Amino acid sequence: QSSILSAVVENSLVDLKRITRDWAIWDNTYAYASGEYPDYIRKHVAGTSLMSRYRLSVLAVMDLEGKALYTSFFDTEPNRSIPEPEGFRDFLAPYVQAALQVHKPDSEAPQSDIGNDGFVIYQDKAYYLCVMPIQPSNEKSSPAGALFFGRTLGKEELTRLSRMEN
């Protein structure tokens, strides 16, 4: 029973990492983080559909110094945007440098193992966060920043995972 639950949780985490990576190596995301596509948020991110579709609680685009270019927070249980938790941007900033340190733009191999992911606790909430360097789709340029996607491990997510186990 516990190995099945572990597999279900692992699958969910792999899925979030894949989604984060897909968005982080998208040319439009790179252009936005580079300051060249100011309509990116309005055209691709704003509203609740992205957050709801991927069951995201956290979305943050950070520059190379760890300063937030855009953040969005979402409560998946009533499906609505919520205010950013106080201090959350500062909490995320060190993870930007950690994600960028493992990036090697001169490597011939695709950087499929870049980024960081893991569980964190912030203000008594458990999150699974994934952070990836923002790069163009060819993955050969230096990063323009870092992209965070995250899920709160609340009642709805835990219930969903337990249903998948059965």
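Keep in mind that this is a model prediction, so the values were computed, not measured. Computed from heavy atoms alone, side chains included, the values below leave out hydrogens, waters and symmetry copies.
Residues satisfying the side-chain hydrogen bond (donor to acceptor under 3.5 Å, both in side chains) test with Asp75, not counting sequence neighbours, are none. By the side chain to side chain contact (heavy atoms under 4.5 Å, CB included) test, Glu84 is found to be paired with Thr71, Phe73, Phe88, Arg89, residues two or more places apart in sequence or in another chain being considered. Residues passing the side chain to side chain contact (heavy atoms under 4.5 Å, CB included) test with Asp63, sequence neighbours excluded: Glu65, Lys67, Leu69. The side-chain hydrogen bond (donor to acceptor under 3.5 Å, both in side chains) search around Tyr40 returns Thr29, not counting sequence neighbours. Take Asp27 and apply the salt bridge (charged side-chain N to carboxylate O under 4.0 Å, His left out) test, not counting sequence neighbours, and it matches no residue.
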Item to check | Chi angles and distances behind the side-chain contact (heavy atoms from CB on, under 4.5 Å) call for Asp15, Tyr54 | outcome: CA-CA 9 Å; Asp15 179 57; Tyr54 296 124; 6.0 Å; no
Item to check | side-chain contact (heavy atoms from CB on, under 4.5 Å) between Phe74 and Asn79, intermediate numbers included | outcome: CA-CA 7 Å; Phe74 192 73; Asn79 279 327; 3.5 Å; yes
Item to check | Intermediate values then yes/no, side-chain contact (heavy atoms from CB on, under 4.5 Å), Leu59 and Tyr70 | outcome: CA-CA 8 Å; Leu59 184 157; Tyr70 176 81; 3.7 Å; yes
Item to check | Intermediate values then yes/no, side-chain contact (heavy atoms from CB on, under 4.5 Å), Gln135 and Leu147 | outcome: CA-CA 10 Å; Gln135 301 175 264; Leu147 177 70; over 6 Å; no
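Ile19 is not listed as a side-chain neighbour of Arg55, based on a closest heavy-atom distance of 4.5 Å or more. Residues Tyr37 and Lys43 have side chains in contact (heavy-atom distance under 4.5 Å, counting atoms from C-beta outward).
Closest heavy-atom contact between Gly66 and Ala93: O-CB, 3.7 Å. Looking at every heavy atom in both residues, Ala144 comes nearest to Tyr30 through CB-CE1, 3.6 Å. Shortest non-hydrogen contact noted between Ala60 and Leu92 is CB-CD1, 3.8 Å. Taking all atoms of both residues into account, the shortest heavy-atom contact from Asn138 to Ser141 is OD1-N, 4.0 Å. Pairing each heavy atom of Thr20 with each of Cys130, the nearest pair is OG1-CB, 3.6 Å. For the pair Ala146 and Val131, the tightest heavy-atom approach, listed with the atom from each and the gap, is CB-CG2, 3.8 Å.
In this structure, CZ in Phe149 is found 11.0 Å from CZ in Arg18, a value given to the nearest 0.5 Å. Within the model, atoms CG of Leu50 and CH2 of Trp23 stand 4.5 Å from one another, a figure rounded to the nearest 0.5 Å. Here Asp22 contributes atom CG and Met132 contributes atom CE; the two are 9.5 Å apart, rounded to the nearest 0.5 Å. Ser142 OG to Ile134 CD1: the interatomic distance, rounded to the nearest 0.5 Å, is 13.5 Å.
Note: His44 and Trp26 meet the aromatic proximity criterion, with ring centroids under 6.0 Å apart.
Of the possible polar contacts, one joining the Ser57 side chain to the Thr152 backbone as a donor-acceptor pair under 3.5 Å is found. No side-chain donor-acceptor contact under 3.5 Å links Arg21 to the backbone of Leu16.
A side-chain hydrogen bond (donor to acceptor under 3.5 Å, both in side chains) check over residues 121-132, counting only residues at least two apart or in different chains, returns the pairs Asp117-Tyr128.
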